[in-house]
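Scroll down for the structure; my scribbles are underneath it.
Keep in mind that the numbers below use all heavy atoms, side chains included, and drop hydrogens, waters and symmetry copies.
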Amino acid sequence: MAQRSDIVVIGGGIIGLAVARRLCLSGSAVTVLEQHRTGRGASWAAAGMLAPHCEFDEADDPYFVLCRTGLERYAGFIDALREETGCSIDYNSTGMIYPALSDRGQARLETRYDRHRRDGVPVERLTVREARRLEPNLSNRIHMALRYPADHQVENRDVVTALARSVRLHGGVVREGVTARKIVLDGLRVAGVDTTDGLWNAKTVVIAMGCRARYLDGVSPAHRIPVRPVRGQILALRAGAVPPFRHTIFTSEVYLVPRSDGRLIVGATVEEAGFRNEVTLGGVLRLFRGALELAPGLESCPLESTWSGLRPVARDGWPVLGATGTPGLFAATGHGRNGILLAPLTGDLIAEAILHDKVPTVMRPFLPDRFYPAGTGETKDDRNR
């Protein structure tokens, strides 16, 4: 017998859960279908950095504007989740330090500092002495550093746990172990989802399947979402009762994220490895080398665990958000390294699109139709193969 919901969200990672929560708060009947365990994919594997200022060189980049908007909403989102669920969520607003480890790295950071100061990005220039006064465990081989006080980090696993609880508290249904096989259409419009647990009737479906979004059957080839997996390997050190750093230490090659439970997260590789979600010797060695270059004292820390995740990345590197060319079908995927940061904002934007048929200005550059211009039967992605 077919089951019914106002809205079906395919994918129970942080993006799908954030969308579902926001829609539940509006009074919609929402069902989340998750193939495995809720939140245990890329969302669980992330490091939880909320770092648009560290991540982006250019302040006028639309993707930076989206991420900055997401960061501005994050603290309020965490407060609301804590109040709704009673869950403890580890949230660190100390800021991030971005050191230079070579003359070339210093030149890049000096240029970056000038540009960010000009564009109004909150940033401080630190001498070696100032950086090591803030973080004594930094290598004495650094040349200088930038501090980004507005960049934060969060324990992403806490957020996923709280979101799943929030969805259920607000009347949402979360079904684990259910695979969406095909979008069901009534003419050209969405009518539901065929799953391994039977048919779900729904006039609105949100694809939040991460890097597998492209492979959902029933979607017109011209409207498929062109995302692929990009592997990230991460490891955790047991750093002791007193974390070795107060700030997150960030470089373009490696980052060190202190957790309040005594772990130090070291991440993350960026690898085109298809769907091979595995930890490799080469990946772990790169992370160890990068960590020890930043902080040689870490070599005595016990290795606690290693893991990997598959980030969903669109062809142009930007998220894919909003209504697709199939009426009733919406996309929320392609967030790459910024899925944790953009989850609350994505929930708000997709809710606006579904409930009010609105496209907020910050969302316009990320609409799915950028991949399939009107009047063509193929996507830009198809033409660029």
Side-chain angles (χ1 to χ4, degrees), residues 1-34 38-39 43 69-70 72-87 89 159-176 178 180 183-186 189-193 195 197-209 319-324 326-333 335 339 342-363 366-368:
M1 181 177 177
Q3 303 173 82
R4 182 174 298 277
S5 186
D6 292 343
I7 302 168
V8 169
V9 177
I10 306 174
I14 194 169
I15 296 296
L17 291 172
V19 170
R21 170 184 174 270
R22 179 63 179 79
L23 291 167
C24 285
L25 289 172
S26 75
S28 301
V30 182
T31 299
V32 178
L33 304 178
E34 168 53 42
T38 305
S43 304
T69 304
E72 290 168 353
R73 300 188 185 187
Y74 220 93
F77 165 75
I78 294 299
D79 288 343
L81 266 187
R82 286 170 173 157
E83 184 174 350
E84 289 169 23
T85 65
C87 291
I89 301 175
V159 179
V160 168
T161 301
L163 272 172
R165 182 176 296 182
S166 177
V167 169
R168 293 185 174 103
L169 286 172
H170 291 105
V173 175
V174 180
R175 299 290 299 272
E176 296 183 328
V178 178
I183 296 294
V184 177
L185 302 179
D186 180 3
R189 182 177 179 82
V190 164
V193 185
T195 79
D197 192 39
L199 176 65
W200 281 86
N201 289 321
K203 292 185 177 180
T204 303
V205 174
V206 181
I207 302 177
M209 299 168 63
V320 187
L321 307 173
T324 72
T326 301
L329 187 64
F330 293 79
T333 187
H335 295 77
L342 289 172
L345 178 60
T346 297
D348 292 342
L349 295 176
I350 298 299
E352 281 289 297
I354 291 173
L355 301 174
H356 306 295
D357 195 25
K358 292 183 177 178
V359 180
T361 301
V362 73
M363 183 180 177
F366 306 97
L367 294 172

ask   = Is atom CG of Asp186 surrounded by more than 12 heavy atoms (other residues, nucleotides or ligands) closer than 6.0 Å?
value =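 Incorrect, the count does not exceed 12.
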query = Does CZ belonging to Arg4 count more than 12 external heavy atoms closer than 6.0 Å?
reply =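 Counting other residues, nucleotides and ligands, CZ of Arg4 stays at 12 neighbours or fewer.
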When rounded to the nearest 0.5 angstrom, what distance separates [atom1] in [X] from [atom2] in [Y]?
X: Ile89; Y: Arg82; atom1: CD1; atom2: CZ; value: 6.0 Å
X: Leu342; Y: Tyr74; atom1: CG; atom2: OH; value: 9.0 Å
X: Ser26; Y: Ile354; atom1: OG; atom2: CD1; value: 9.0 Å
X: Asp6; Y: Asn201; atom1: CG; atom2: CG; value: 12.0 Å
X: His170; Y: Thr85; atom1: NE2; atom2: OG1; value: 9.5 Å
X: Leu17; Y: Glu34; atom1: CG; atom2: CD; value: 8.0 Å

Nearest heavy-atom pair of [X] and [Y]: which atoms, and what distance?
X: Arg165; Y: Cys87; result: NH1-SG, 3.5 Å
X: Gly322; Y: Leu367; result: CA-CD2, 4.4 Å
X: Leu321; Y: Ala332; result: CD2-CA, 4.1 Å
X: Thr38; Y: Val160; result: O-CG1, 4.3 Å
X: Val8; Y: Ser5; result: CG2-CB, 4.2 Å
X: Ala208; Y: Val9; result: CB-CG1, 4.2 Å

Verify, without hydrogens or angle tests, whether [X] (side chain) and [Y] (backbone) share a donor-acceptor contact under 3.5 angstrom.
X: Arg22; Y: Ile350; answer: no
X: Ser43; Y: Ile14; answer: yes
X: Thr324; Y: Leu329; answer: yes

Would a 4.5 Å heavy-atom cut-off, applied to side chains only, mark [X] and [Y] as touching?
X: Leu81; Y: Leu163; result: yes
X: Thr326; Y: Ile183; result: no
X: Ile78; Y: Val159; result: yes
X: Ile207; Y: Thr333; result: no
X: Val206; Y: Ile7; result: yes

message = Going by side-chain hydrogen bond (donor to acceptor under 3.5 Å, both in side chains), name the residues that satisfy it together with Thr346, two or more places apart in sequence or in a different chain.
response =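 Only His335 meet the side-chain hydrogen bond (donor to acceptor under 3.5 Å, both in side chains) criterion with Thr346.
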query = Mind checking what makes side-chain hydrogen bond (donor to acceptor under 3.5 Å, both in side chains) contact with Glu84, not counting sequence neighbours?
reply =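 side-chain hydrogen bond (donor to acceptor under 3.5 Å, both in side chains) list for Glu84, sorted by chain: Arg21, Ser166.
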message = Applying side-chain contact (heavy atoms from CB on, under 4.5 Å), can you list everything that pairs with Arg175, at least two apart in sequence or on another chain?
response =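 Once residues adjacent in sequence are excluded, the partners of Arg175 under the side-chain contact (heavy atoms from CB on, under 4.5 Å) criterion are Gln3, Thr31, Leu33, Val173, Val178, Asp197, Trp200.
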